[in-house]
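Not measured: the values here are computed from a predicted model.
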Amino acid sequence: MKLQEQIQRIKQVMGLQVDESLKLMEGTTNIGGPFKTDLEYGPANHGSRAFGNWQSDNAWDVFAEPGSVVNSYTSGTVLKVRVSNKKSGKVFGTQVTVKGNGKYPDIFYTHLKNVKVKPGDKVSVGKKRVDFSTEDLNRYASYCINDVNLTHDLFNRLAAGFPEAELDLIDMTLRMYTQPVLRVDQTLLRNRLDEIKQEKRTLLRGLMDTLQVGDEEEVRKKLASNPQFAAILTDSEIPVPMKISPTTGKETYALAKNDEGFIALLEHEDPFIQQLCAVRLGTRSTIEESRIERFINIGARNRGRLPIPLKYYGAHTGRWAGADAVNFQNLPSRDKQKAALKRSVLAPEGHVVINCDSSQIEARVLAWLAGQNELVKQFANGEDVYSVFASKIYNRPISKANPVERFVGKTCILGLGYGTGAAKLRHTLKTQPPGADLDEDKCQAIVDLYRQTNDKIPKLWTAANNAVKHLVMWTDELQEFSLGEHDALRVNRLGIRLPNGLYIRYPGLHMNENNKLIYKSRKGEVSLWGGSVVENVVQALARIIVGEQMLVLKERYRPVLTVHDAAVIVVPEGELQEALAFIRQVMSTPPKWAAKYCYWRRRLACLPTQQ
């Protein structure tokens with residue numbers, strides 16, 4: 001779009017609504033980023049000044065999405081770089097003025113951070129396709145060919161010895177993004193977006209009344225107080241996140257924007273809590289709101305289709321992870337309103353989506369790996385293992401007719417297998433629905449009961465702890481050995497070898513001065529013990545099982561998504577029953593390396609072509 005056309009479109013939206021197509025992404029010279037505001041706050045905040053501004057009558061505003069990388073929109077010279085920590089109207093952060101060449105005027109960029117340029121620097125928008133001569137295109141083509149050849153050579157070196165099945169999973173993961181088939185229901189999402197905005201207005205009015213203030217800024221100032229914010233959380237029956245102060249060594253509120261507890265509140269399943277946190281931070285968008293807007297924009301850019309961005313081996317255990325700020329691994333689904341994102345994902349015309357969810361796979365793998373054969377047989381016989389353990393806790397028969405007691409049994413079966421203690425168990429039982437408020441002595445008795453009933457599982461923790469100690473002090477005299485039953489895991493100097501030939505590794509593994517095992521993760525140093533090692537290998541085994549089964553399914557039907565231990569498959573409507581039978585058979589078959597004493601069960605759910 002030409003500059004004057006951009007300016008006219010900007011004039012049209014001044015004070016009204018943001019035209020999301022106006023994004024400062026056309027050039028090649030990165031002058032800074034990301035944007036701090038504009039699209040976030042909307043051009044209404046700029047309506048009080050004339051078009052252009054006090055710096056230059058030729059300057060103009062472009063509204064870019066917060067987080068955008070800001071490239072120069074004109075070739076020229078950087079005249080001025082000015083940093084302002086004070087608000088002047090809504091101008092804050094760093095401002096950059098570029099003197100344009102030829103027909104382009106000066107451009108004044110505002111609200112920047114991490115600025116890359118200084119006065120006197122030359123910036124350029126580079127050439128576009130129509131500007132290339134035949135000679136330019138030939139040189140560019142040669143560059144591209146060389147790039148492809150180098151990439152291919154690097155791949156051949158890196159792929160040597162890499163499991164072929166894993167290469168197939170990488171290919172499958174990439175096709176979920178590059179060849180999308182799922183669609184997005186933009187009408188549903190826009191309706192939910194309107195609901196959220198109404199909820200926010202209602203929230204603010206309620207907070208103004210509660211806190212006895214007159215505007216949103218005063219609400220934010222009040223909520224900046226830790227005690228007042230904590231009191232509102234308590235009134236809402238939300239546990240207040242706490243931490244140990246590094247200064248005093250005493251317990252204090254974990255309500256700073258970088259505290260893990262507060263970050264968890266920002267992503268809380270209750271939109272009210274998200275909105276409360278957003279107001280505290282002074283932001284205008286909740287996590288849910290931002291994700292919905294992102295989904296709408298993705299659909300708009302892809303003619304209604306929904307590319308699935310996933311990171312292959314995004315987690316330490318090999319599981320897939322979300323990418324491109326769209327986390328398909330964590331779409332809310334508990335109630336109709338919160339599940340708008342999940343419900344907006346539609347099958348292509350004439351098809352249905354089958355979501356085949358693993359049932360209790362981690363608990364099953366753990367029991368199998370530990371050799372806890374009594375528990376394995378309960379799974380194999382189709383017993384309600386949650387009710388069985390709950391019956392031991394309460395000394396009376398428990399069934400699905402006792403939802404709270406069965407919830408306690410379920411939490412124990414799924415949570416105590418990695419060494420959870422009484423305090424954490426009590427917190428989980430109290431804060432997760434339907435909730436059970438048990439005192440710590442009772443929780444300790446439950447922990448002891450679990451470990452006595454499933455005595456092979458604590459022994460596996462000990463074996464895992466000893467294994468990683470051997471990794472710290474590995475010598476030539478040590479021989480590769482097995483971890484757990486069935487010889488599925490082998491420990492050698494490289495780490496813990498999995499059945500697919502890959503390893504669980506712990507970079508920088510060492511014993512610290514307190515005799516604790518420490519390794520360097522992507523997020524910094526992390527302590528390690530037998531229970532956490534068992535959790536790692538169990539999740540890795542579960543991921544291998546689902547990955548291998550998806551490759552079998554891929555021979556007949558298209559996998560379009562995987563969410564932790566579930567496979568999402570697209571099948572033609574006319575083949576639904578046949579496909580269900582095939583998928584059930586494939587995903588109920590244990591892998592060859594785990595055929596003995598290994599039993600799986602799957603839940604199948606079909607999503608319609610239309611909502």
Chemist: Asp121: what forms a side chain to side chain donor-acceptor pair (under 3.5 Å) with it, not counting sequence neighbours?
Modeler: Lys118
Chemist: Can you list the residues that meet the side chain to side chain contact (heavy atoms under 4.5 Å, CB included) rule with Thr234, with sequence neighbours excluded?
Modeler: Val240
Chemist: Whether Arg139 and Asp136 form a salt bridge (side-chain N of Lys/Arg under 4.0 Å from carboxylate O of Asp/Glu) is what I want to check.
Modeler: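 Salt bridge between Asp136 and Arg139, a charged N being under 4.0 Å from a carboxylate O: yes.
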Chemist: Side chain to side chain contact (heavy atoms under 4.5 Å, CB included) with Lys520: which residues, sequence neighbours excluded?
Modeler: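 Result, side chain to side chain contact (heavy atoms under 4.5 Å, CB included) vs Lys520: Glu525.
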Chemist: Any salt bridge between Asp153 and Arg157, counting N to O under 4.0 Å?
Modeler: no
Chemist: Is it true that Glu349 and Arg305 have a side-chain N and a carboxylate O under 4.0 angstrom from each other?
Modeler: no
Chemist: Show every salt bridge (Lys or Arg N to Asp or Glu O under 4.0 Å) that has at least one partner inside residues 306-315, sequence neighbours left out.
Modeler: none
Chemist: Salt-bridge test for Arg319 and Asp565: reply yes if a basic N is under 4.0 Å from a carboxylate O, no otherwise.
Modeler: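 Judged by the 4.0 Å cut-off on N to carboxylate O distance, Arg319 and Asp565 do form a salt bridge.
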Chemist: For the ring pair Tyr519 and His316, is the centre-to-centre distance below 6.0 Å?
Modeler: yes
Chemist: Under the side chain to side chain contact (heavy atoms under 4.5 Å, CB included) test, which residues partner Ile170, sequence neighbours left out?
Modeler: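 Scan of Ile170 (side chain to side chain contact (heavy atoms under 4.5 Å, CB included), adjacent residues dropped) gives Phe162, Leu167, Leu174, Tyr312.
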Chemist: Treating Gln274 as the side-chain partner and His268 as the backbone partner, does any N or O pair qualify as donor plus acceptor under 3.5 Å?
Modeler: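 Yes, because the side chain of Gln274 sits within donor-acceptor range (under 3.5 Å) of the backbone of His268.
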Chemist: Which of these passes side chain to side chain contact (heavy atoms under 4.5 Å, CB included) with Ile308: Leu182, Val568, Thr562?
Modeler: Leu182
Chemist: With sequence neighbours left out, what residues match Ala256 under side chain to side chain contact (heavy atoms under 4.5 Å, CB included)?
Modeler: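 For Ala256, the residues satisfying side chain to side chain contact (heavy atoms under 4.5 Å, CB included) (neighbours in sequence not counted) are Asp259.
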